Amino acid sequence: MDNDTRDDKNAGLGTTRQSLPIMLLRARESVMGRFRPMLKSHDVTEQQWRVLRVLYEAGEVDVTFIARHAAILAPSLTRILKSLRERGLVAIRRDDADARRSLASLTNEGQTLVETAAPDSSRTYDEISAAFGTERMAALIEELDALIDALEVPRTE
């Protein structure tokens, strides 16, 4: 493909290194490449770990809360919760106040798994911070949080 054709095809797009979605995905893959061995050693998937982390932090919550905070689509979350429940890591029950809602929480085994994996996770964070810089890491997380807040559609809950 000659340069003229390529320039016409990219009309206004810029390079992939200037594409926010592509760069966020590449950054995610770089970060997760550091976490995957830790997750594998604890026999959890990336998505399962996100669910476990949300439940560890939030306690018993509605499954829609988990989906939003773990960044997992509802159909996938249903499968993940089923798997975690079968492993004895998560308990799920109907909300007494609203039978249409399901609430999930960690079991003692789930809490133990998170607490057992936490030092390995912290070491991985420390390695990433050492490579990238602690101040830069804090600033990046703050900026990503601000980006999410700026772009998130207001909820009517």
Side-chain angles (χ1 to χ4, degrees), residues 1-3 5-59 61-90 92 104-107 109-155:
M1 175 183 304
D2 63 34
N3 282 340
T5 305
R6 189 175 328 118
D7 289 342
D8 289 343
K9 188 174 182 180
N10 279 346
L13 289 177
T15 67
T16 56
R17 289 188 64 86
Q18 296 167 317
S19 168
L20 180 61
I22 290 173
M23 291 305 290
L24 287 171
L25 287 168
R26 289 181 61 200
R28 177 194 184 280
E29 284 305 308
S30 293
V31 168
M32 289 312 300
R34 300 290 182 109
F35 279 96
R36 285 183 185 115
M38 182 277 297
L39 296 173
K40 185 175 182 178
S41 74
H42 293 283
D43 193 29
V44 292
T45 67
E46 296 171 35
Q47 297 83 2
Q48 289 172 338
W49 181 244
R50 293 197 317 255
V51 169
L52 293 169
R53 284 288 314 271
V54 167
L55 291 173
Y56 188 79
E57 183 178 312
V61 291
D62 181 279
V63 296
T64 57
F65 179 94
I66 299 168
R68 186 168 62 250
H69 287 85
I72 297 174
L73 297 175
S76 296
L77 180 59
T78 300
R79 178 184 43 79
I80 292 164
L81 286 172
K82 180 179 183 227
S83 173
L84 292 171
R85 186 179 62 219
E86 289 170 354
R87 290 181 58 189
L89 301 173
V90 169
I92 301 171
S105 61
L106 289 180
T107 62
E109 293 83 1
Q111 185 164 337
T112 298
L113 187 147
V114 173
E115 291 169 354
T116 300
D120 294 336
S121 179
S122 291
R123 270 190 296 281
T124 304
Y125 272 103
D126 291 346
E127 291 168 7
I128 293 169
S129 289
F132 188 63
T134 304
E135 290 178 14
R136 288 175 72 197
M137 180 66 74
L140 176 62
I141 289 173
E142 189 174 312
E143 288 298 317
L144 290 171
D145 195 38
L147 177 63
I148 291 164
D149 285 346
L151 299 179
E152 200 165 54
V153 176
R155 302 199 185 278

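Just so we're clear, the structure is a prediction, and the values are computed from it rather than from any experiment.
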Legend entry - Exercise: identify the closest heavy-atom pair between A104 and L55: O-CD2, 3.4 Å
Inset, instruction - Report the distance from atom CG of L25 to atom CG of L20, rounding to the nearest 0.5 Å. - result: 9.5 Å
Legend entry - Residue from T107, I92, L89 passing side-chain contact (heavy atoms from CB on, under 4.5 Å) with L84: L89
Inset, instruction - Please check if atom CD in E29 has more than 12 non-hydrogen atoms from other residues, nucleotides or ligands closer than 6.0 Å. - result: yes
Legend entry - Residue E115 excluded, over 12 heavy atoms near CD under 6.0 Å: yes
Legend entry - Residue R87 excluded, over 12 heavy atoms near CZ under 6.0 Å: yes
Legend entry - Polar side-chain atom of S129 near backbone of Y125 as donor-acceptor pair, under 3.5 Å: yes
Legend entry - Gap separating the NE2 atom of H69 from the CZ atom of R50, nearest 0.5 angstrom: 13.5 Å
Inset, instruction - Taking only Lys NZ, Arg NE, NH1 and NH2, and the carboxylate oxygens of Asp or Glu, determine whether E86 and K82 approach each other closer than 4.0 Å. - result: yes
Legend entry - R28 with E46: basic N within carboxylate O range, under 4.0 Å: yes
Legend entry - Heavy-atom side-chain proximity of L147 to E143 below 4.5 angstrom: no
Legend entry - Flag side-chain contact, heavy atom, 4.5 Å: Y56 against L113: no
Inset, instruction - Mind checking side-chain contact (heavy atoms from CB on, under 4.5 Å) for F132 and listing every partner two or more places apart, or none if nothing turns up? - result: R136, M137, L140
Legend entry - Gap between atom CD1 of I66 and atom CG of L77 - 0.5 Å precision: 5.5 Å
Legend entry - Inter-residue atom distance T116.OG1 - E109.CD, 0.5 Å rounding: 11.5 Å
Inset, instruction - For the residue pair S83 and Q48, confirm or rule out a side-chain donor-acceptor distance under 3.5 Å. - result: yes
Inset, instruction - Output the distance between atom CZ (F35) and atom CG (D120), rounded to the nearest 0.5 Å. - result: 10.5 Å
Legend entry - Interatomic spacing from CZ in R34 to CG in L39 - rounded to 0.5 Å: 14.0 Å
Legend entry - Working for side-chain contact (heavy atoms from CB on, under 4.5 Å), residues L24 and L144: CA-CA 10 Å; L24 287 171; L144 290 171; 4.0 Å; yes
Inset, instruction - For atom CZ of R26, decide whether the heavy atoms of other residues, nucleotides or ligands shown that lie under 6.0 angstrom number more than 12. - result: no
Inset, instruction - List the atom of S121, the atom of M38, and the distance in Å for their closest heavy-atom pair. - result: CB-CE, 3.9 Å
